There are 2 protein chains.
Amino acid sequence: MASPTSTVENYLKEIYLAQERQGDQPVAMGEVARSLGVVPGTATSMIKNLARRGWAEYSPRIGVRLTDEGELVALNMIRRHRLLELFLVKTLGLDWSEIHEEAEQLEHAVSERVLDAMDAFLGRPTSDPHGDPIPSANGKMRQRKLVALSRCRVGAKAKVARITDQDSDFLQFVENQGLKPGTELTVTSRLPGADATGIALGESAPLTLGTRAAEKILVEEC
Amino acid sequence: MASPTSTVENYLKEIYLAQERQGDQPVAMGEVARSLGVVPGTATSMIKNLARRGWAEYSPRIGVRLTDEGELVALNMIRRHRLLELFLVKTLGLDWSEIHEEAEQLEHAVSERVLDAMDAFLGRPTSDPHGDPIPSANGKMRQRKLVALSRCRVGAKAKVARITDQDSDFLQFVENQGLKPGTELTVTSRLPGADATGIALGESAPLTLGTRAAEKILVEEC
DNA sequence: GTCTGGACTTTGAGTGCCCAAAATGACGGT
DNA sequence: ACCGTCATTTTGGGCACTCAAAGTCCAGAC
Ligand SMILES: [Mn+2]
Ligand SMILES: [Mn+2]
Ligand SMILES: [Mn+2]
Ligand SMILES: [Mn+2]
């Protein structure tokens, strides 16, 4: 009930994202600790707190799951985070590989009023600069069905829709190669032996991606 | 040395503003406590902290003064606060009477990078929506010499330059009467007995202000 | 010179969050 | 059944900030 501190907001958000990654499995304490950058004991005691306050269910030695109330807070934080990222890129012209940390702080400081003003200013967008969907104000998040570039058949035309890795070096690489969400490309080859996918963009020279990388680039049906 | 927490940032900013109000006198603990909304004992112990960490000088039973280093932090916070206020009003269209609290939170969350992007976006402005001067990135603050409306002679033409009261009700009144910074007006009467100043704006009906109010409205020379 | 009210300081305690390190539990291999 | 491993939990302690309430000081009144 009592409004969450910014630490709690971070926990709820990261638990939600971990749950999403794992297909709704309870999230282990180790995973929580890693996501939040704390020691496992800290995670355990914070999770007990979240449970006591009604945001999560805690099963010792199994993991945490958010309650409906917890999910609502988490989705609101994700909304804030992603709207802020988009705002920083589109309005203030910041580099999309550097905005994650900024949003990580700002998400706790913007009021609902400011957030809504930004949302309106941006024209009620539905995805952020990385292609991540932005939940609506009442906590609904559209899920597009996307495919990893690594799974597209050779010859397919595809449009980059989402980059599932916030690492700044990787994002910079994606940017340099012109692979940001929205870009159209053709899959030109697949070399399972070499663990690679070849692609071609409009003009520029063809490009080869390792499977590691091609898995992190999601495209609309191909 | 170690970077200030947001609590410390608030203390330094409020001490700076109090010092400014009092012509550089040391600021009493009671004043610090009132400005920060804490109990006096809390102020005393926090001030000792600031002193130990090199941001202030503390004379027991006298008051605090910022060191040069403390002033630099304070001016940076004031810069952040005022730039944010302007951004919220000019870019996001928020009501100027409601932005103070928003900026109070955001000032601790925006990075130097985001701040500079906003500054550029706004065209390197020199004053905020209330007419308060915005310190430069290196901590210089232009001081205009302004006069209280309550001290203008009858017949003078004057231009509103600054409103020295962040109270939301007062700001709303100022807004409703069309007295925001930039407005030009004429002083039509002074009634010391009635403790009032009469003014006329362009079209609208003449208006009478109590001295209380007229003191909080600063104008360019008159 | 003594008193006294009000400002200030000190003390003791609490909250929220964190870590280090010791204790515990569970699970697969033997 | 017994071990060892490794994740997890517990314990004890620390830091930053806060309040309540008791103690101290001082300026001005007398
Ligand atoms: Mn965050
Ligand atoms: Mn994103
Ligand atoms: Mn603040
Ligand atoms: Mn202002």
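As the structure is a prediction and not an experimental result, all values here were calculated from the model. Chain letters run A, B, ... following the sequence lines, proteins first, then strands; residues in each count from 1.
- Contact annotation for A:A43: no contact, since no heavy-atom pair falls under 4.0 Å across all strands.
- If you measure from atom NE2 of B:H108 to atom C1' of D:dA16, you get 15 Å, rounded to the nearest angstrom.
- Taking 4.0 angstrom as the limit, B:Y11 places a side-chain polar atom (N or O) nearer than this to OP1 or OP2 of D:dT18.
- Comparing the start and finish of the helix from C:dG1-D:dC30 to C:dT30-D:dA1, five pairs each, the helix axis swings through 20°, to the nearest 10 degrees.
- Listed nucleotides C:dC18, D:dT9, D:dC19 differ in distance to A:T7; the shortest reach to its side chain belongs to C:dC18.
- Considering only side-chain atoms of B:T44, the nucleotide from C:dC18, D:dC17, C:dT10 that sits closest is C:dT10.
- Looking at A:S45, its side chain does come within 3.5 Å of a backbone N or O of A:T42 through a donor-acceptor pair.
- Of the possible donor and acceptor atoms, one in the side chain of B:R80 sits under 3.5 Å from a partner among the backbone N and O of B:V110.
- Protein atom CZ of B:R34 is 12 Å distant from nucleotide atom C1' of C:dG6, rounded to whole Å.
- The CD1-P distance, from A:I47 to C:dG16, rounds to 16 Å in whole Å.
- Nucleic acid contact class of A:T42 (heavy atoms, under 4.0 Å, all strands): base.
- In this structure, A:G30 reaches the sugar-phosphate backbone alone: every heavy-atom distance under 4.0 Å involves primed, P, OP1 or OP2 atoms, never a base.
- Within a 6.0 Å sphere centred on CG of B:N138, heavy atoms belonging to other residues, nucleotides or ligands number more than 12.
- For A:R61 and C:dG25, the CZ to P distance is 7 Å, given to the nearest whole Å.
- Annotation: B:R21, atom CZ; neighbour count of heavy atoms from other residues, nucleotides and ligands within 6.0 Å is above 12.
- Computed from coordinates, the B:E31 CD to C:dA7 P distance equals 12 Å when rounded to whole Å.
- Once rounded to the nearest 0.5 Å, the distance linking OG of A:S111 with CD of B:E101 reads 10.5 Å.
- In this structure, A:S45 reaches neither bases nor backbone, as no heavy-atom distance under 4.0 Å exists between it and the strands shown.
- Between the CE atom of A:M46 and the P atom of C:dC19 there is a distance of 12 Å, given to the nearest Å.
- Remark: B:R151 CZ is loosely packed, at most 12 non-hydrogen atoms of other residues, nucleotides or ligands lying under 6.0 Å away.
- Of the candidates D:dT9, C:dT9, D:dC17, C:dT9 carries the atom nearest the B:M29 side chain, counting heavy atoms from C-beta on.
- Rounded to whole angstrom, the span from the NZ atom of B:K48 across to the C1' atom of D:dC17 amounts to 15 Å.
- Around atom CG of B:D68, no more than 12 heavy atoms belonging to other residues, nucleotides or ligands sit under 6.0 Å away.
- Atoms CG (B:N49) and C1' (D:dA16) sit 8 Å apart, rounded to a whole Å.
- Taking the nucleotide of DNA chain D with the nearest heavy atom to each of A:Y58 and B:T5, the more 5' of the two is matched to A:Y58.
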